[in-house]
Every structure is written in structure tokens, then in C-alpha cells.
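Worksheet for the structure shown next.
Predicted model only: the values in this text are computed from it and were never measured. The figures here come from the full heavy-atom set of this structure, side chains too, leaving out hydrogens, waters and symmetry mates.
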Amino acid sequence: FTSEEINRNKETFITAQEPMMATYHQSAIPMDDFINSIPRDALAEALLFALEENKAGHCISNSQIESMINERMGWK
């Protein structure tokens, strides 16, 4: 390859990359906006509820969830 061909390929890569990055940023911004729109007091209430449920024993451990998934998918 000549240096001109290499430079042309670099430009093609950068040009091809731009739409992918634009799509990523467009999809990431609305999610960030959504998360930032959740009131902090609502998040605090959800956290307190989750902690209370956990202390009351109304929870499933990660290993139990993993076992259920494995069983349902037939991986066990």
C-alpha cells in the first residue's frame, strides 16, 4: 500500500465510525435525561423499600437467580 492509500483508508474508517458514534450519543443522552429526571426522593424511597424487603427476608440471592435461570434454560 502507498501512503496515499493508507491515508484514504484511515479517512474511510473515520467516516464510517462517525454515524455509529452519533447513534451511540443520541441513544445515551435520552437515557441520561431519563435517569436525571427521576426525583432523588423517589430513588431514596426505593432504596429504603429494598432494604426493608431484604431485612424481612423477601429476597432472592444471586445464586438462587442463577440456578433458576440455568434450570429454565436447560443449562444444568
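For the side chain to side chain donor-acceptor pair (under 3.5 Å) condition, the pairs that include at least one residue of residues 38-60, sequence neighbours left out, are E53-H58.
Checking side-chain atoms of E71 against main-chain N and O of M68 turns up no donor-acceptor pair under 3.5 Å.
In this structure, N62 places its CG atom where only 12 or fewer heavy-atom neighbours from other residues, nucleotides or ligands lie under 6.0 Å away.
Qualifying side-chain contact (heavy atoms from CB on, under 4.5 Å) partners for I69, counting only residues two or more places apart in sequence or in other chains: I65, M73, W75. When the side-chain contact (heavy atoms from CB on, under 4.5 Å) test is applied to L47, the partners found at least two apart in sequence or on another chain are L51. Partners of S37 under the side-chain contact (heavy atoms from CB on, under 4.5 Å) rule, at least two apart in sequence or in another chain, are F34.
No single ILVMFWY cluster, assembled from side-chain heavy atoms under 4.5 Å apart, contains both F49 and L43.
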